[in-house]
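Working notes, structure below.
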There are 2 protein chains.
Amino acid sequence: MSDAFLSRLPAGLSVLSDTASLTRYSTDASGLRTGTPLLVARPATVAQVAALVTLCAEENRKITIAGGGSGLAGGAAPDDGDVVLSLELLNQIEEIDEAGGTALVQAGVVLETLCAAVEEKGWYFPLDLGARGSCQIGGNVATNAGGNRVLRYGTTRQLVLGLEVVLPDGTIMTMLDRTLKNNTGLDIKQLFIGTEGTLGIITRVVVRLFPRPQARRSALVGLASFAQIAPLLKAARSALPELSSFEVMWDNYVAAAAKVKGKPVPFEGVWPLTVLLETEGADTPMFHAGFDAFLESILENDTVQDAIVPQSLEQAADLWAIRDGIGALFPSLRPFVAFDIGIPLKDMGAFIEQTMAELNARWPYAGNLLFGHLGDGNLHLTTGHLHEADIVPVEEAIYALTCRFNGSISAEHGIGRLKKPFLHYSRDDTQRQVMQRIRQALNPQGLVNAARIID
Amino acid sequence: MSDAFLSRLPAGLSVLSDTASLTRYSTDASGLRTGTPLLVARPATVAQVAALVTLCAEENRKITIAGGGSGLAGGAAPDDGDVVLSLELLNQIEEIDEAGGTALVQAGVVLETLCAAVEEKGWYFPLDLGARGSCQIGGNVATNAGGNRVLRYGTTRQLVLGLEVVLPDGTIMTMLDRTLKNNTGLDIKQLFIGTEGTLGIITRVVVRLFPRPQARRSALVGLASFAQIAPLLKAARSALPELSSFEVMWDNYVAAAAKVKGKPVPFEGVWPLTVLLETEGADTPMFHAGFDAFLESILENDTVQDAIVPQSLEQAADLWAIRDGIGALFPSLRPFVAFDIGIPLKDMGAFIEQTMAELNARWPYAGNLLFGHLGDGNLHLTTGHLHEADIVPVEEAIYALTCRFNGSISAEHGIGRLKKPFLHYSRDDTQRQVMQRIRQALNPQGLVNAARIID
């Protein structure tokens, strides 16, 4: 059967089947391995994608879609015998509309490449996350990537104007809208945003651009208690319409991240909570005066206790290095669970309190580091120094608590294969049945990205 | 059969069946009448909605959903014998979260009521449209309402965090998320936003709030040519992160609207294009200085030719009265077609040129008024003084042109019943088939809002 399948592959299609390639495409950043693919196909045109998918549908051959490989949920791990469909050669920026502020790009374009290309034209694509140098825009859309600037610009969902998709039967569906508004029935593209390739393969994307910010200001502020977070966030959103980041870090996270990154510890040991604020805007006296006046006011009225204002780009980069330090901390925490919880801000304090109480009672030897995009209600808790046998019980405990607070077990990383056993904590029977009915309607053979999210 | 159906209605349900009520609920703001309902049911609880929908599914009885009745696409016009399900008694604001900035409201809450309630608490719900005093939040969500501030805040889709829906089989599906991020598979709420009630009945909504702006600044600027629009928009977005409205009006629209509203004509006869800009922000010296500096700069570098800055709230209201004057103009234009076209800004100039050429050649007696939310790529063309027999040919001509520019035949009003014959101009066979498969998956009996959008 393999031979018959191989003989029918579209002419001109780039195919890898050496052992090194098959191994390389057998996992993603999660490290999960579930099998070895038959081959890696790398179409360079949308027509090649469609031809390959049509062939797989006819031959009943399963497809695993591969983007940049930075996923944390095991979504890119193939089963034995899968065709891995890599988008890496479908990597052209087809159009940057300098009048309207949109870009039409192929799915395999690396995020950082797209950002650089539009900035050259005076525009800005605000999506930003740690994997910017390897993740692809198709994967960003398929996982509805979040990142550092959701508060102002939304998740990837809000940045997508149009999509082209190859359906699981090989049909090309082109919906390359370039405007903010199109109320002509079901907004079909929403079916493919955040569904991690389970309903089809994204081949091209139209993204919304913003005028390139000319200036960026940041500050680190120290707070005495969690109760100050919500008032600070509201004050910042009121005074700074350009507020793009609101990143909260707990003191033990700041100390550990600064140490691993070789940076000085801000507010050493003084404040239990540190918030990194960042705004983007025009490089005008008013922009800078507005930011300075805001800092002054929150210090004066005790909304915050202390503030560090970087005096150079290097100092600002140091603050972000601490915020981004979690990746460097992972090795020393193994075995660990990296949570990506969504909880309404009003419940966040109680959630953290109960979570810590349960972790401290049941796993007193665990090391728990906390930070999060709290402006988005997104908390990243990393629980490390565990035993392997603790992993699932720790996950069950925290997800059960998340469920009790009506939270999300994945605010931004997605479900993939790894979180599938826990999906019921965030999605009830009715919702999972609706997901299944939609899957059945669009991917009835179940050949494309099977066994992700739900069965 | 009616008697059997009536005898099974849920106990305590408010029902209207007098002739005046049946007539009143037989149409919406479009004026379309397609039949007379059996009765109008007004559930006051979600459980009553579910019981009624379950009954209708069992009895094979069609349901037409009624919100505030401000729709322009005939979506609320029932067929003979339909049950009209009005949400007007499901009108409680259940919760305003002052810490996180969210509100949980029932579908029948009137938009203006919601806005006032959250403003009292120091928050802001930015959705704003002419029908604010009658439209209901459930209808806003079901039609993905746009309006005056999409440029900054997005359409209703971007303002919805959570939804509760009664599915066509009577199942209540509760997804009352309160955070910006939840990547746990298909974002199911997107199925119900903008699908005009064809997949289920929205009963409760969680909306995102913003800190209440303390100040608002506006200006009317005059431009010599359409080519200046895109550079002005980009400059405004760069300099004014708070830019909330960018409304473009052509000279004959300004003259007609000013006259019908009894206001002085700005830039009388001098500039072919007028743009109404508005920003919202903190009432700080920086906010006002930033706006003034921007106006100065665009006058100095000839981005615009002239500017009028209102000196009082009354003067600002006069500018908006002209922008909102289209409703008052309709009676004198009958018979007319009010278009709601979406076109990328880069193609807007060419589209308008070809549209005007075709209208002038084929219907030289027509009066054509142009204005639009051009920041969103949304053009409202009203073609009036037609003969009744012209209506369909005019629609066909303009929608065919829209199709040639890959535009949308409805940027914000929706498809309903009235635009259904033209849907193929914006949605190809593949897209319409996908819509049908989704409809089949969720509304297989086809009893809820049948014959809207697609068959």
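Since this is a predicted model, take the numbers as computed values, not measurements. Letters go in sequence order (proteins before strands), and every chain restarts at 1.
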Worksheet item: Between A:Thr184 and B:Arg427, do the side chains contain an N or O donor and an N or O acceptor separated by less than 3.5 Å?
Response: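 Per modelled atom types, A:Thr184 and B:Arg427 side chains form a pair under 3.5 Å.
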
Residue among [options] with most heavy-atom pairs under 4.5 Å to chain A:
{"options": "B:Thr102, B:Leu176, B:Asp428, B:Val150", "answer": "B:Val150"}
{"options": "B:Ala289, B:Gly100, B:Pro231", "answer": "B:Ala289"}
{"options": "B:Ile229, B:Ile193, B:Leu199, B:Leu191", "answer": "B:Leu191"}
{"options": "B:Gln440, B:Gln158, B:Arg152", "answer": "B:Gln158"}
{"options": "B:Gly146, B:Gly342, B:Gly414, B:Pro213", "answer": "B:Gly414"}
{"options": "B:Thr430, B:Ile453, B:Ile454", "answer": "B:Thr430"}

Where on [X] is there a heavy atom nearer than 4.5 Å to chain B: the side chain, the backbone, both, or neither?
{"X": "A:Thr155", "result": "side chain"}
{"X": "A:Arg437", "result": "both"}
{"X": "A:Leu423", "result": "side chain"}
{"X": "A:Ser426", "result": "side chain"}
{"X": "A:Ile343", "result": "backbone"}
{"X": "A:Leu209", "result": "backbone"}
{"X": "A:Leu180", "result": "both"}
{"X": "A:Thr174", "result": "backbone"}
{"X": "A:Arg432", "result": "neither"}
{"X": "A:Thr284", "result": "neither"}
{"X": "A:Arg452", "result": "neither"}
{"X": "A:Thr198", "result": "neither"}
{"X": "A:Asn406", "result": "neither"}

Discussion item. Under 6.0 Å from the ring centre and within 45 degrees of the ring axis: does the NZ or CZ of B:Arg237 meet both conditions for the six-membered ring of A:Phe210?
Written reply: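 B:Arg237 over A:Phe210 ring: yes.
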
To the nearest 0.5 angstrom, please state how far the [atom1] atom of [X] sits from the [atom2] atom of [Y].
{"X": "A:Ile415", "Y": "A:Thr195", "atom1": "CD1", "atom2": "OG1", "value": "12.5 Å"}
{"X": "A:Leu240", "Y": "A:Phe291", "atom1": "CG", "atom2": "CZ", "value": "6.5 Å"}
{"X": "B:Arg216", "Y": "B:Asp283", "atom1": "CZ", "atom2": "CG", "value": "12.0 Å"}
{"X": "B:Leu233", "Y": "B:Leu374", "atom1": "CG", "atom2": "CG", "value": "8.5 Å"}
{"X": "A:Arg208", "Y": "A:Thr156", "atom1": "CZ", "atom2": "OG1", "value": "14.0 Å"}
{"X": "B:Gln190", "Y": "B:Leu186", "atom1": "CD", "atom2": "CG", "value": "8.5 Å"}

Against chain B, work out which of [options] has the most heavy-atom pairs shorter than 4.5 Å and name it.
{"options": "A:Glu242, A:Arg178, A:Gln431, A:Met435", "result": "A:Gln431"}
{"options": "A:Pro285, A:Pro344, A:Gly281", "result": "A:Pro344"}
{"options": "A:Ile438, A:Thr143, A:Leu151", "result": "A:Ile438"}
{"options": "A:Ser408, A:Gly377, A:Gly375", "result": "A:Ser408"}
{"options": "A:Asn144, A:Leu345, A:Asp347", "result": "A:Asn144"}
{"options": "A:Gly154, A:Gly416, A:Ser238", "result": "A:Ser238"}

Discussion item. Please classify the contact of B:Ser410 with chain A as side chain, backbone, both or neither, using a heavy-atom distance under 4.5 Å.
Written reply: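 Interface part for B:Ser410: both.
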
Do any N or O atoms from the side chain of [X] and from the backbone of [Y] form a donor-acceptor pair under 3.5 angstrom?
{"X": "B:Asp187", "Y": "A:Gly194", "result": "no"}
{"X": "B:Lys234", "Y": "A:Gly122", "result": "yes"}
{"X": "B:Asp169", "Y": "B:Thr171", "result": "yes"}

Worksheet item: Between A:Asn378 and A:Glu412, does a side-chain contact (heavy atoms from CB on, under 4.5 Å) hold up when you go through it step by step?
Response: CA-CA 8 Å; A:Asn378 184 186; A:Glu412 57 180 9; 3.3 Å; yes

Worksheet item: Relative to the ring of B:His373, is the ring of B:His380 parallel (under 30°), tilted (30 to 60°) or perpendicular (over 60°)?
Response: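 The arrangement is perpendicular - the two ring planes meet at more than 60°.
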
Worksheet item: Are B:Glu280 and B:Arg149 ion-paired here, with the side-chain N under 4.0 Å from a carboxylate O?
Response: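 Looking at B:Arg149 together with B:Glu280, the answer is yes, because their closest N to O distance falls below 4.0 Å.
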
Worksheet item: Are the charged groups of A:Asp376 and B:Lys181 less than 4.0 angstrom apart, N to O?
Response: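 Between B:Lys181 and A:Asp376 there is a salt bridge, with a charged N closer than 4.0 Å to a carboxylate O.
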
